[in-house]
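In what follows, a structure is listed as structure tokens, so that the remarks can point back to it.
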Amino acid sequence: MSNNATKSRIAATFDRLKVSGRKGLIPYITSGHPNPTITVELMHAIVAAGADVLELGVPFSDPMADGPTIQRSNELALTFGVGLKDVLGYVQEFRTKDNVTPIVLMGYANPIERMGTQAFVERAAKVGVDGVLVVDYPPEEAIDFSALLRQHGLDPIFLLAPTSADARITNVAKQASGYIYYVSLNGITGGASPDLVEVKARVAHVKASTGLPIGVGFGIKDGETARAIAEWSDAVVIGSKLIQEIEAGPVESAVARASTFVASIRNAMDRP
């Protein structure tokens, strides 16, 4: 939970999920992809289809942790000129109709530093962002940034990977709030399917160091995998496969395809 007097939207969402006995679904989309005119519509449709938290990607020219699918979505968004200011504008527009669903901005340090860290955090808080995940800010170098986020009621979200040493896990547990994003695979997004036995053991190991919810992502392509992971994690993060569904036909029907896919994941996770 963030340090402000009221509970953050992310913490409140995971509290509600826990009470209802459900697990979180956290879809990722790249802002401005496949066309900037439908980003906010996509956000609302994905929530209506069953998303609990939205991860909104900030387009960047060198998204090194992402596989070909998300790289391609970043490149397309950049051809439309979509930048960090536009992303904050999408959040502001989304908030005119939805003041409940948490939004996490996911991206890289360069756009934030170009805007100015202080200016970015203040604007993000003002428009209704709830959490920030900066892929190339390791926790050891993000202490001041994390503190600044918390001062403005935002949750610093961090990645942990199968290779994360215990010292890194402890450090992340100290700095993070909202949830921790556990990467189920070594390598880039959209890779091979995760080894569920291994991921389960690693998630249990991380949980021993933190009371924060753990969301698991990378390589989750279908409802059955999402359902299996949800049995022992707190949330499932799904990005590359959703981007592929969005790209699988004309832009005019992209929102419908995204909605159908997210609903299929939600239904699989909720099935008795």
Side-chain angles (χ1 to χ4, degrees), residues 1-32 36 38-58 84 86-107 120-133 149-158 176-181 211-217 226 230 233-239 242 246 255-256 258-270:
M1 196 179 93
S2 54
N3 289 347
N4 51 351
T6 57
K7 184 166 286 194
S8 75
R9 285 190 191 93
I10 296 174
T13 295
F14 277 104
D15 284 352
R16 285 195 301 272
L17 286 165
K18 193 170 186 178
V19 167
S20 64
R22 296 167 70 239
K23 300 300 178 73
L25 176 55
I26 310 178
Y28 166 96
I29 60 169
T30 301
S31 303
I38 66 168
T39 293
V40 176
E41 185 184 356
L42 257 177
M43 293 166 70
H44 286 301
I46 289 167
V47 172
D52 299 292
V53 179
L54 291 177
E55 279 190 1
L56 197 55
V58 178
L84 182 52
D86 302 286
V87 178
L88 294 172
Y90 300 146
V91 177
Q92 187 170 25
E93 184 181 345
F94 177 85
R95 286 283 174 236
T96 63
K97 294 182 180 177
D98 185 331
N99 202 36
V100 176
T101 305
I103 296 175
V104 173
L105 297 190
M106 184 171 183
F120 162 72
V121 173
E122 289 175 357
R123 290 189 198 185
K126 185 176 181 180
V127 300
V129 172
D130 300 287
V132 180
L133 196 169
L149 289 173
R150 286 193 296 268
Q151 284 168 20
H152 288 79
L154 301 175
D155 287 318
I157 313 292
F158 288 96
S177 58
Y179 62 93
I180 291 171
Y181 185 151
L212 287 174
I214 309 296
V216 176
S233 69
D234 302 291
V236 172
V237 186
I238 193 155
L242 174 56
I246 288 169
V255 172
S259 180
T260 298
F261 176 68
V262 171
S264 75
I265 302 294
R266 178 81 268 171
N267 290 339
M269 289 170 63
D270 289 349

Closest non-hydrogen atom pair, I265 against A226: CG2-CB, 3.8 Å
Distance col, row Y90:OH vs L105:CG, nearest 0.5 angstrom, shows 12.5 Å
Whether T260 side chain and A256 backbone form a donor-acceptor pair below 3.5 Å: yes
Least distance between heavy atoms, R266 atom then G24 atom: NH1-C, 4.5 Å
In the structure I gave you, are the side-chain heavy atoms of D52 and K23 within less than 4.5 Å of one another anywhere? no
Which atom names give the shortest non-hydrogen contact between S31 and L56, and what distance separates them? OG-CG, 3.2 Å
Can you measure from CD1 (I103) to CD (E55) and round to the nearest 0.5 angstrom? 11.5 Å
Test item: M106 and I157 side chains (from C-beta on) under 4.5 Å apart, heavy atoms: no
Can you find a pair of side-chain heavy atoms, one from R16 and one from V100, that are under 4.5 Å apart? yes
Under the side-chain contact (heavy atoms from CB on, under 4.5 Å) criterion, do R9 and N99 qualify, and how do the steps go? CA-CA 9 Å; R9 285 190 191 93; N99 202 36; 2.8 Å; yes
Close side-chain approach of F261 to I238, heavy-atom, < 4.5 Å: yes
Which atom of G57 lies closest to which atom of V87, heavy atoms considered: O-CG2, 4.4 Å
Taking the side chain as every heavy atom from C-beta outward, state whether L242 and Y28 have any atom pair closer than 4.5 Å. no
Nearest 0.5 angstrom please: E93 CD to T39 OG1, how far? 9.5 Å
Decide yes or no on side-chain contact (heavy atoms from CB on, under 4.5 Å) for F120 and V132, but give the supporting numbers first. CA-CA 11 Å; F120 162 72; V132 180; 4.0 Å; yes
Could you tell me whether the side chain of L212 reaches within less than 4.5 Å of the side chain of F158, counting heavy atoms only? no
What are the two closest heavy atoms between I46 and P27, and how far apart are they? CG2-CG, 3.5 Å
Note: V216 and S233 closest approach over all heavy atoms is CG2-CB, 3.7 Å
Pairwise distance OG(S177) to CG(L149) - rounded to 0.5 angstrom: 8.0 Å
Separation of L25 CG from L54 CG (nearest 0.5 Å): 9.5 Å
Can you tell me how the ring of Y179 sits relative to the ring of F14, calling it parallel under 30°, perpendicular over 60° and tilted otherwise? tilted
Quick check: do R95 and V127 have side-chain heavy atoms less than 4.5 Å from each other? no
Find out whether M43 and D98 are in side-chain contact, i.e. whether some heavy atom of one side chain is under 4.5 Å from a heavy atom of the other. no
